[in-house]
Amino acid sequence: MWRGKPVTRFHVMAKPIGPICNLDCSYCYYLSKEGLLDTSNNWRMSDEVLEEFIRQYIEGQNHKEVVFSWQGGEPTLLGLDFFKKIVELEKKHCPPHKRIENDLQTNGTLLDDEWCEFLTANNFLVGLSIDGPKELHDYYRRDKAGKGSFDRIFNSARLLRKHGTNFATLSCVSRRTAQHPLEVYRFLRDEIRSPRMQFIPIVEPRVFRNTAPQHWSPAAMPMLGIPDARPGTPNSVVEDWCCDPDDFGNFLCTIFDEWHAKDLGKVYVHYFEACVEVWMGRISPLCTHGPMCGKGLAIEHDGSVYACDHYVYPEFRRGNILETPIEQMAISTDQEWFGTNKERMLPRYCRECHYEFACFGECPKNRFIKTPDGEPGLNYLCRGRRHFYSHIDKRVAEIARQIQASM
């Protein structure tokens with residue numbers, strides 16, 4: 001049907017309730033968006049915007065699979081009926097030659113049997129946010145009353161397993177959890193029984209609430225390796241809860257050793273599987289580690305579209321779907337420049353790195369320190385990532401060779 005036409009495919013992370021959440025996690029980068037976004041519709045995506053988004057998103061792509069990602073804030077605050085409406089609208093607008101997939105990222109505090117039955121019946125992939133065992137998880141992930149959220153989330157994991165729901169865990173690696181890699185990994189593997197694990201390093205400069213990425217002052221960027229380029233110092237460039245670069249590298253190395261020795265082929269860890277892909281000569285499936293970005297936009301509750309969910313700032317607003325087709329925004333000149341700028345702005349220190357092919361400077365939102373020769377734009381996590389890549393290099397190369405030999 002699309003013979004001769006280029007494939008048009010992009011991804012949009014939907015935020016149907018904006019930054020509204022029933023938790024008050026210390027390190028959340030999205031709660032502060034309440035002060036940046038419009039509140040005229042009480043933070044709930046209207047029926048008009050919802051249907052227009054679903055219709056445009058399906059029609060704007062000529063790939064056979066269209067993936068909807070629902071995040072927040074906490075999207076389950078919208079209620080189960082809202083998600084039933086989503087499924088109905090997807091069926092209404094999806095032609096026979098396309099297939100719809102849905103994923104839902106949730107803190108799990110509101111899940112019950114009815115929710116899990118619905119999610120299972122409609123083949124949702126559920127991302128469950130849990131940082132590790134109780135004492136680590138509850139340190140930063142508390143509700144508005146200051147109570148820990150662990151017990152509710154642990155029960156949700158039990159419900160997801162009970163109903164056979166397809167789920168994965170998303171664990172934020174903070175300054176605290178980065179120091180307990182095996183405790184975190186073994187808990188997720190043995191107690192949560194997570195079949196898929198995603199680890200997200202918590203990295204936010206102190207100015208993140210009001211200053212968009214790439215709008216930092218170069219003069220305020222500390223040099224790689226000095227105390228100001230690490231958390232917990234008086235003049236640190238990052239918030240105190242951010243993971244330390246060296247700790248993050250050790251976190252990944254330690255978990256990799258355990259995974260490689262005991263769980264290879266049994267547990268899917270997104271960082272490790274992506275490394276295998278890259279060592280096989282392929283482009284990383286993670287946008288943060290590819291040579292370009294820009295294919296992952298974000299839509300807010302009011303229909304406003306932004307370059308990325310980490311770039312929900314006025315400077316990176318692309319328009320509104322009630323005024324401009326989402327496909328047009330996804331392939332706009334501004335968005336193309338945003339995506340290709342990732343590689344274009346790499347400092348020489350990265351270009352000369354042996355592991356540039358595996359990292360490409362990681363996510364641009366984290367490029368707020370200087371290289372040893374004073375060039376701005378180096379990734380805050382550089383030291384940790386270099387250590388990780390050198391630690392796994394030979395073993396990942398061997399895994400890649402074995403896979404290629406069996407193909």
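No experiment lies behind these values; they were computed from the predicted model shown. Residue numbers run from 1 in the order of the sequence given.
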Scan the side chains in residues 281-288 for donor-acceptor partners under 3.5 Å anywhere in the protein, sequence neighbours excluded, and list what turns up.
from	atom 1	to	atom 2	distance (Å)
Arg282	NH1	Glu277	OE1	3.4
Ser284	OG	Leu286	N	3.1

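In this pair, Phe251 and Phe199 present their aromatic rings perpendicular. The plane angle is above 60°, beyond the 30 to 60° band. Classification of the Phe187-Phe150 ring pair by plane angle, with boundaries at 30° and 60°, yields tilted. Between Trp43 and His301, the ring planes are tilted. Angles from 30° to 60° get that label. Using cut-offs of 30° and 60° on the angle between ring planes, the pair His354 and Phe357 is perpendicular. Under the 30°/60° scheme for interplanar angles, the aromatic rings of Tyr355 and Tyr389 are found to be tilted.
Separating the CD1 atom in Ile130 from the OG1 atom in Thr169 is a distance of 8.0 Å, to the nearest 0.5 Å. Here the CD-CZ distance, from Glu258 to Arg189, works out to 4.5 Å after rounding to the nearest 0.5 Å.
The closest side-chain heavy-atom distance from Lys144 to Asn22 is not below 4.5 Å. In this structure the side chain of Met329 never reaches within 4.5 angstrom of the side chain of Asp334, judged on heavy atoms.
More than 12 heavy atoms of other residues, nucleotides or ligands sit less than 6.0 Å from atom CD of Gln402. Environment of CE in Met345: sparse, with no more than 12 heavy atoms of neighbouring residues, nucleotides or ligands closer than 6.0 Å. Open room surrounds CD on Glu336; 12 or fewer heavy atoms of other groups in view lie less than 6.0 Å from it.
In this structure, Asp131 does not pair ionically with Arg176, as no charged nitrogen and carboxylate oxygen lie closer than 4.0 Å. The pair Glu398-Arg395 does not count as a salt bridge, with every side-chain nitrogen at least 4.0 angstrom from each carboxylate oxygen. For the pair Lys147 and Asp138, the salt-bridge criterion is not met [side-chain N within less than 4.0 Å of a carboxylate O]. A salt bridge links Arg9 with Glu65; the closest basic N to acidic carboxylate O contact falls under 4.0 Å. Look at Arg193 and Glu191 and you find no salt bridge, because none of the NZ, NE, NH1 or NH2 atoms lies under 4.0 Å from a carboxylate O. Between Glu51 and Arg55 there is no salt bridge, since no side-chain nitrogen of the basic residue lies less than 4.0 Å from a carboxylate oxygen of the acidic one. Salt bridge status for Asp24 with Arg141: absent, with no side-chain N to carboxylate O gap under 4.0 Å.
For the residue pair Arg385 and His289, a side-chain donor N or O sits within less than 3.5 Å of a side-chain acceptor on the partner.
Ring to ring, His310 and Tyr29 are close: their centroids are under 6.0 angstrom apart. A distance below 6.0 Å separates the ring centres of Phe272 and Trp259. In this structure, the ring of Phe124 has its center less than 6.0 angstrom from the ring center of Phe118.
Screening Asp247, Asp244, Asp240 against Arg230 for a salt bridge (Lys or Arg N to Asp or Glu O under 4.0 Å) leaves a single residue, Asp244. Here the rule is salt bridge (Lys or Arg N to Asp or Glu O under 4.0 Å) with Glu204, and of Lys365, Arg209, Arg175 only Lys365 fits it.
No side-chain donor-acceptor contact under 3.5 Å links Ser149 to the backbone of Arg142.
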Go through the steps to decide whether Trp70 and Asp103 satisfy the test side chain to side chain donor-acceptor pair (under 3.5 Å), and finish with yes or no. CA-CA 6 Å; Trp70 306 96; Asp103 59 70; over 6 Å; no
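Geometrically, Arg344 engages Trp337 in a cation-pi contact, judged by NZ or CZ lying under 6.0 Å from the ring centre and within 45° of the ring axis. In this structure, Lys33 satisfies the cation-pi test against Tyr313, with its NZ or CZ atom closer than 6.0 Å to the six-membered ring centre and inside 45 degrees of the ring normal.
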